[in-house]
Structure formats: C-alpha cells, structure tokens
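Bear in mind the structure is a predicted one, so any value in this text is a computation, not a measurement.
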Amino acid sequence: MTDLKILVTGCGGDIGLAVGRILRQLGIAKQIWGTDTHNAHAGRAIFDDCQVIAPASKPEYLSDLEKTVKRLKPDLIIPVAEPEIRRLREERIEREFSGARLITANSKTLDVGFDKLATANLLESLGLPFPWTIPVESGVPKNLPCIAKARTGSGSRTIAVIKTVEEQRQYVVREVGNSIWQEYLTPDDQEITCGVFRMPGCSTRNIQFRRKLLGGLTSSGEVIVDPEIDFVVEKLASALELRGSMNVQLRRTNRGPVIFEINPRFSSTVMFRHKLGFKDVLWSIEDSLELSPSKYSAGLPGMRFYRGSAEMFFDENHRPIELSST
C-alpha cells in the first residue's frame, strides 16, 4: 500500500489534521492531498498540497470536488467533515466518486447516525436503554432539566441544558431549525466516547474512553473496559450492519449504558485511538482495498491521555518552516 494517493477533505479541521498525521506515520501513501473551504490552517505542514473548494452547503461543492479529484486522480478519498459526508449521502454517493474509492460508513449507519431522533427510536426497537427524545415542534419535554439540541449535526457547543420552564420557553422562541428535547442523563462524570469499527470478515472492534470535554473537544480521557458497553455497541453495530467506523457517545447510568448520539465518521479522538492501537483509519483503508484488517492490540485499562497543542509557522508562500528558540 506504499504507493497510494489519498485525498482528505476538511483537511484544516482537527479531525482532518489528525487523519493526515496518521497517514504520514503509516507511510502507506506516496502523495497526500487535502481540501478545505479556506487555506488559513495548518494543513500545509502535513499535506503535500491543500486545495480550496466550496463549502458542502453550496451548490458548486460537488463540481469543485469533482474537478479536484479528476485533476489529482487520488486512489482514495477520505471525507472527515460531517457536512461533506452528509452532502455526499444526500446525493446518494457511496463507495466511489469520480473514479476514486470513497471511505465512509455504510448508508444505514449514516442515515441513523445523522438523526438523533432516529437513533433513539432504533435503540428502543432493539430493547436497549435509550434517552427519551421529543421533537421541539411536537410538544414540551417530559421533565426538566433536559437537553435541547439540533436533531442533526454534532458538537457540544450547540447543546443547551434547559432547567426551567422559562428557559424552555426562551429556547422555543429563538430555536431555528429542527431541534429536539432529550433526556438529561446522569451522572455527569460518566460520559463515555466509544470508537466502533466493523467490516466483512472482522468482528466488531471498540475502544472506550471516559472523557472530559473542553470547548467542544475531548480534552482528556481514560481507557476503560466495560462488558455492558461491549454488549450495547455490538448489538447496535449489528443492527446498523455497520461497515466502517463510527463514534458512539453514551453515559453509564443506573439503568446501564445509555447511548445518546452516534457520529458516523472518524472522531476528534482519532489520533489518541490510533496510538492506543485502535487504528480505524488504517482498517478503513484496508477494507476499501479489500484487504484483511490488521490486528487490534487494545490499550490497557487505566491508560490516560491529554490533549495538548503545537505551534506551526509558515513563510509568505505558505511553506511550513521551523523557528529556532535561540
């Protein structure tokens, strides 16, 4: 696999940058390109080149992406930004785009994962613990406090905790788009993010982190192993006929692990997971190329990680440079 040409979309975001670094570390590609809606990001320190294309919300997005793909001729395309994955799914573009293999989760996982109400309904149908979930337009919450958030999309920055009837009323007044009320799950210190991967000929693999959030991203985490979570995610992955990678968010409650969200894409913890042996980027590429998946050596329970930062510098021609501290 050392001669692959790979295009990563959303290359300037945290997930895109992490996927680019993983590809560099794996050494499986002779060229790695990126696309994003702007060039004011650190991607040029990682990718061979970064192309600017229209946002996924614009009509010209697909034509921009197609022109880029036809010019560069990548073997694989890895879309990591949720708006792009959603747009490709809406256009029924699966497994291939303009001659390049497309790496995403399967269509059923995308459809359920992009819809938080559909997620709760599926969990209920499977007999798994689920958070009560009500469209805002359909009525009032079952009880307070509760969570208010968009029915589609991801990220904790769009979530509001509604504690009073007045806050509920104000949310309804200012709410734009398709939102839901959802059960507030407790305790707060038992939020788990779980990476899940599955492909033909490979049993479901998962890695579990008890995590802390800061600014919408996982700031730190601890590897755990919970057989109840294993059971829940295995049953969910089977029902979704999962092929590829997804990120499951849940809380351990007094009624067991309760899944409240599925993100059908690589996670912002993709690099942490990769270094701990959960190499879902590599496995997804192997699946796309119809190869057997590499072995999974899980991180040990109790291992901890913390998100840090790094400074990157570029010259006037956007070439990455190293600055001496002396």
Side-chain angles (χ1 to χ4, degrees), residues 1-57 61-89 91 93-105 110 154 195 197 217 244-247 263-275 278-289 310 312 314 318-320:
M1 292 197 297
T2 57
D3 60 348
L4 290 173
K5 295 180 290 183
I6 301 177
L7 178 67
V8 179
T9 78
C11 69
D14 60 304
I15 302 175
L17 293 170
V19 169
R21 290 168 56 212
I22 288 169
L23 294 174
R24 288 293 180 207
Q25 290 181 11
L26 290 173
I28 61 174
K30 65 179 180 181
Q31 288 180 299
I32 306 172
W33 300 295
T35 66
D36 212 309
T37 59
H38 61 93
N39 60 12
H41 55 73
R44 293 180 185 277
I46 298 168
F47 297 90
D48 294 312
D49 192 21
C50 299
Q51 301 292 313
V52 176
I53 65 173
S57 59
Y61 165 73
L62 286 177
S63 61
D64 278 7
L65 182 59
E66 183 176 28
K67 290 174 185 175
T68 301
V69 172
K70 286 184 174 179
R71 181 170 55 83
L72 297 175
K73 294 182 172 58
D75 302 298
L76 304 173
I77 304 172
I78 306 179
V80 300
E82 184 165 314
E84 294 187 85
I85 301 172
R86 190 187 302 275
R87 175 71 184 276
L88 293 167
R89 175 57 189 150
E91 300 288 344
I93 298 171
E94 303 178 53
R95 313 305 291 183
E96 189 271 339
F97 181 83
S98 294
R101 300 190 186 201
L102 187 67
I103 293 180
T104 66
L110 293 173
S154 63
F197 179 84
L217 295 175
S245 184
M246 68 177 179
N247 184 58
N263 296 317
R265 54 168 172 74
F266 295 119
S267 163
S268 62
T269 58
V270 64
M271 178 56 84
F272 293 120
R273 294 171 176 178
H274 179 79
K275 291 188 173 183
F278 189 85
K279 301 183 178 183
D280 52 341
V281 173
L282 174 61
W283 301 333
S284 296
I285 292 172
E286 291 171 332
D287 180 26
S288 180
L289 298 177
M312 296 182 181
F314 301 79
H318 300 286
R319 293 187 294 253

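Residues Leu26 and His274 form a side-chain contact, since some pair of their non-hydrogen atoms from C-beta on lies under 4.5 Å apart. Side-chain atoms of Leu72 and Gln31, non-hydrogen and from C-beta on, never get closer than 4.5 Å to each other. Side-chain contact between Gln25 and Met271 is present, with at least one heavy-atom pair separated by less than 4.5 Å. With contacts defined as side-chain heavy-atom distances shorter than 4.5 Å, the pair Ile15/Ser267 does not qualify. Side-chain contact between Leu289 and Asp75 is absent, with no heavy-atom pair separated by less than 4.5 Å.
Residue Leu76 holds its CG atom at 7.5 Å from CZ of Arg101, rounded to the nearest 0.5 Å. Trp33 contributes atom CH2, which lies 11.0 Å from atom CD1 of Ile77 (distance to the nearest 0.5 angstrom). With rounding to the nearest 0.5 angstrom, the NZ atom of Lys70 is 5.5 Å from the OG atom of Ser98. How far CD1 of Ile85 is from CD1 of Ile93: 13.0 Å, rounded to the nearest 0.5 Å. For the atom pair Ser268 OG and Asn247 CG, the distance stands at 7.5 Å (nearest 0.5 Å). One distance of note links CG of Leu110 with CE of Met246; it measures 11.0 Å at 0.5 Å rounding.
In this structure, Lys5 contributes its side chain and Lys73 its backbone to a donor-acceptor pair below 3.5 Å. The backbone N or O of Phe272 lies less than 3.5 Å from no partner atom in the side chain of Lys275, so there is not a single donor-acceptor pair.
Sorted by first then second residue, the salt bridge (Lys or Arg N to Asp or Glu O under 4.0 Å) pairs that include residues 33-44, not counting sequence neighbours, are Arg44-Asp49.
Pro79 approaches Thr104 most closely through the heavy-atom pair CG-CG2, 3.6 Å. When every heavy atom of Ser57 is checked against every heavy atom of Arg87, the shortest pair comes out as C-NH1, 4.4 Å. Heavy-atom minimum distance, Gly20 versus Ile46: C-CG2, 3.5 Å. The heavy-atom pair separating Cys50 from Gly43 by the smallest distance is SG-C, 3.7 Å. Considering all non-hydrogen atoms of both residues, Ser245 and Ala105 come closest at O-CB, 3.9 Å. Residues Thr37 and Val52 come closest through the heavy atom pair O-CG1, 3.6 Å.
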*Just do the side-chain hydrogen bond (donor to acceptor under 3.5 Å, both in side chains) check on Thr9 and Glu84 with the steps written out, would you?*
CA-CA 8 Å; Thr9 78; Glu84 294 187 85; 3.1 Å; yes

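When Ile285, Val281, Asp280, Asp287 are each tested for a side chain to side chain contact (heavy atoms under 4.5 Å, CB included) with Trp283, only one passes: Asp280.
Not counting sequence neighbours, the partners of Ile32 by the side chain to side chain contact (heavy atoms under 4.5 Å, CB included) test are Leu23, Arg24, Ala29, Phe47, Asp48.
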